[in-house]
Amino acid sequence: MSHIIVPFLISVKGQRPKHMDWKLEESHVLQEQEVIPEYTGEDGISESFQLLQIDVECEPQERETLPTGSATWCSKNVQRKQRHWEKIVAAKKSKRKQEKERRKANRIENSGIHPQHSKRFLRSLTKEKLLEAKHSGPRLCIDLSMTHHMSKKELSRLAGQIRRLYGSNKKADRPFWICLTGFTTDSPLYAECLRMNDGFSSYLLDITEEDCFSVFPLETLVYLTPDSEHALEDVDLNKVYILGGLVDESIQKKVTFQKAREHSVKTARLPIQEYMVRRQNGKNYHSEILAINQVFDILSTYFETQNWPEALKKGVSSRKGYVLQNSVE
């Protein structure tokens with residue numbers, strides 16, 4: 001509780017005080033200067049005026065509106081809020097740092113790749129693995145000599161499959177070396193690959209206009225086709241495995257098989273029949289024809305795991321109508 005002393009001059013009985021010549025000009029000056037006019041100490045005048053003491057109770061909320069002392073009170077309030085906000089910001093930074101460290105630990109545990117490696121280092125590591133595969137790893141050839149009859153939609157799908165195949169190969173621990181044969185830079189497929197695949201011109205692979213049967217020795221070739229009578233048993237580092245660059249819309253019976261026979265090249269099919277069974281479905285649909293990126297996923301997984309069931313499970317979609325023999329529906 002604080003007290004403010006406010007002097008008031010009150011005329012008792014409504015009479016004009018003696019010896020006081022009140023004028024409008026003097027009253028205005030007195031109001032501006034907040035000066036109480038001097039008056040004589042006569043008993044009549046002193047008795048006519050009373051000095052009133054007004055008690056004003058100032059609550060903390062009211063202080064905020066007072067011009068005097070409000071700046072000090074507000075600055076303390078701002079400082080208190082500022083300190084509170086700084087604590088919140090520091091807590092958030094600490095939480096983000098802990099979360100970042102937790103994600104790093106998870107990546108180390110799950111992938112074994114040290115997160116301190118920069119993207120440049122990882123790209124260099126990928127390049128090194130791919131170049132090593134060119135000299136000592138398995139080789140995969142995509143025969144693109146049959147694309148001149150394909151529609152633009154089919155070419156777009158094939159370009160997408162090439163992109164996914166190359167992406168999977170980059171991530172593999174033991175990548176293949178890829179060669180695109182029968183592939184001309186002025187072809188519609190090449191233009192489609194440039195349009196759909198970022199950085200296609202920088203892909204680490206071989207591109208040649210020659211046919212696959214002219215690039216490699218015939219005894220090293222194995223043409224993978226679903227029409228072959230022989231199941232692929234293993235991935236041989238001394239062999240070059242060929243995939244026909246065709247999509248589902250343009251598939252014709254035994255096109256790749258007959259092409260291999262014409263050049264006396266060995267053929268093989270994925271061991272789907274040996275490790276998988278047909279699943280009963282309403283449409284009674286069963287097919288061993290896969291996209292080139294699906295075939296590659298099977299080959300790559302088997303090359304790393306030496307496990308055909310695991311590899312086939314990764315590459316053969318359930319929509320093809322096949323499941324592993326030990327699968328429980």
Side-chain angles (χ1 to χ4, degrees), residues 119 123 126-127 129-131 133-134 137-172 175-216 221-227 240-260 269-270 287-301 303 311 314-317 319-320:
K119 292 183 178 180
R123 285 195 297 266
T126 299
K127 180 179 180 180
K129 290 193 300 182
L130 289 173
L131 294 178
K134 182 176 183 179
R139 287 169 291 177
L140 181 75
C141 173
I142 302 177
D143 182 9
L144 300 175
S145 61
M146 300 171 286
T147 59
H148 51 280
H149 294 304
M150 296 170 61
S151 65
K152 184 176 180 179
K153 178 183 177 182
E154 293 168 346
L155 292 175
S156 297
R157 292 190 61 183
L158 181 57
Q161 293 175 13
I162 294 174
R163 181 186 68 248
R164 289 188 287 272
L165 187 152
Y166 183 76
S168 297
N169 193 46
K170 284 176 59 179
K171 297 177 182 178
F176 283 61
W177 180 252
I178 299 172
C179 181
L180 307 180
T181 61
F183 195 30
T184 58
T185 55
D186 59 350
S187 64
L189 177 61
Y190 188 87
E192 198 66 15
C193 287
L194 290 176
R195 185 184 70 85
M196 295 185 61
N197 306 342
D198 293 336
F200 177 76
S201 58
S202 301
Y203 278 9
L204 287 175
L205 44 76
D206 285 333
I207 296 178
T208 178
E209 298 180 0
E210 297 184 49
D211 192 271
C212 59
F213 304 107
S214 303
V215 176
F216 305 101
L221 299 180
V222 178
Y223 213 119
L224 299 178
T225 169
D227 301 312
V240 179
Y241 296 94
I242 305 174
L243 296 178
L246 297 171
V247 294
D248 293 346
E249 288 87 348
S250 61
I251 290 292
Q252 299 180 15
K253 288 292 184 179
K254 298 186 176 181
V255 172
T256 54
F257 179 74
Q258 291 176 356
K259 189 173 184 180
R269 56 176 174 79
L270 295 176
S287 175
E288 297 183 36
I289 299 175
L290 305 175
I292 59 173
N293 60 291
Q294 293 173 325
V295 176
F296 174 77
D297 287 341
I298 295 173
L299 291 177
S300 179
T301 303
F303 186 60
K314 181 176 181 180
V316 180
S317 171
R319 292 175 295 180
K320 294 295 181 178

Identify the two heavy atoms, one from [X] and one from [Y], that lie closest to each other, and give their separation to 0.1 Å.
X: Leu155; Y: Pro188; result: CD1-CB, 3.7 Å
X: Phe200; Y: Leu180; result: CZ-CD1, 4.3 Å
X: Gly245; Y: Ile142; result: CA-CG2, 4.3 Å
X: Arg157; Y: Arg164; result: O-NH2, 4.5 Å
X: Cys193; Y: Ala159; result: SG-CB, 3.9 Å
X: Ala133; Y: Pro175; result: CB-O, 3.3 Å

With the side chain counted from C-beta on, respond yes when [X] and [Y] share a heavy-atom pair under 4.5 Å apart, and no when they do not.
X: Asp143; Y: Thr256; value: no
X: Cys179; Y: Thr208; value: yes
X: Lys170; Y: Tyr203; value: no
X: Asp227; Y: Val255; value: no
X: Leu204; Y: Tyr166; value: yes
X: Val316; Y: Leu270; value: no
X: Asp206; Y: Trp177; value: yes
X: Arg195; Y: Ser156; value: yes

Between [X] and [Y] (side chain of the first, backbone of the second, donor and acceptor by atom type, cut-off under 3.5 Å), is there such a pair?
X: Ser187; Y: Tyr190; answer: yes
X: Tyr223; Y: Gln258; answer: no
X: Lys129; Y: Ala172; answer: yes

Leu140 and side-chain contact (heavy atoms from CB on, under 4.5 Å): which single residue from Leu299, Ile242, Val295 fits?
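The passing option is Leu299.
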Out of curiosity, [X] [atom1] to [Y] [atom2], how far, rounded to the nearest 0.5 Å?
X: Leu290; Y: Arg269; atom1: CG; atom2: CZ; value: 12.5 Å
X: His148; Y: Thr184; atom1: NE2; atom2: OG1; value: 11.5 Å
X: Ile289; Y: Gln294; atom1: CD1; atom2: CD; value: 11.5 Å
X: Leu144; Y: Ile292; atom1: CG; atom2: CD1; value: 7.0 Å
X: Lys171; Y: Ser300; atom1: NZ; atom2: OG; value: 11.5 Å
X: Glu154; Y: Leu189; atom1: CD; atom2: CG; value: 11.5 Å

Dump the intermediate steps for side chain to side chain contact (heavy atoms under 4.5 Å, CB included) on Ile178 and Ile162, then the final yes or no.
CA-CA 10 Å; Ile178 299 172; Ile162 294 174; over 6 Å; no
Between Phe176 and Phe296, is the gap from one ring center to the other below 6.0 Å?
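Close enough - the centres of the two rings lie under 6.0 Å apart.
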Step-by-step side chain to side chain donor-acceptor pair (under 3.5 Å) determination, Lys259 to Ser145:
CA-CA 11 Å; Lys259 189 173 184 180; Ser145 61; 2.4 Å; yes
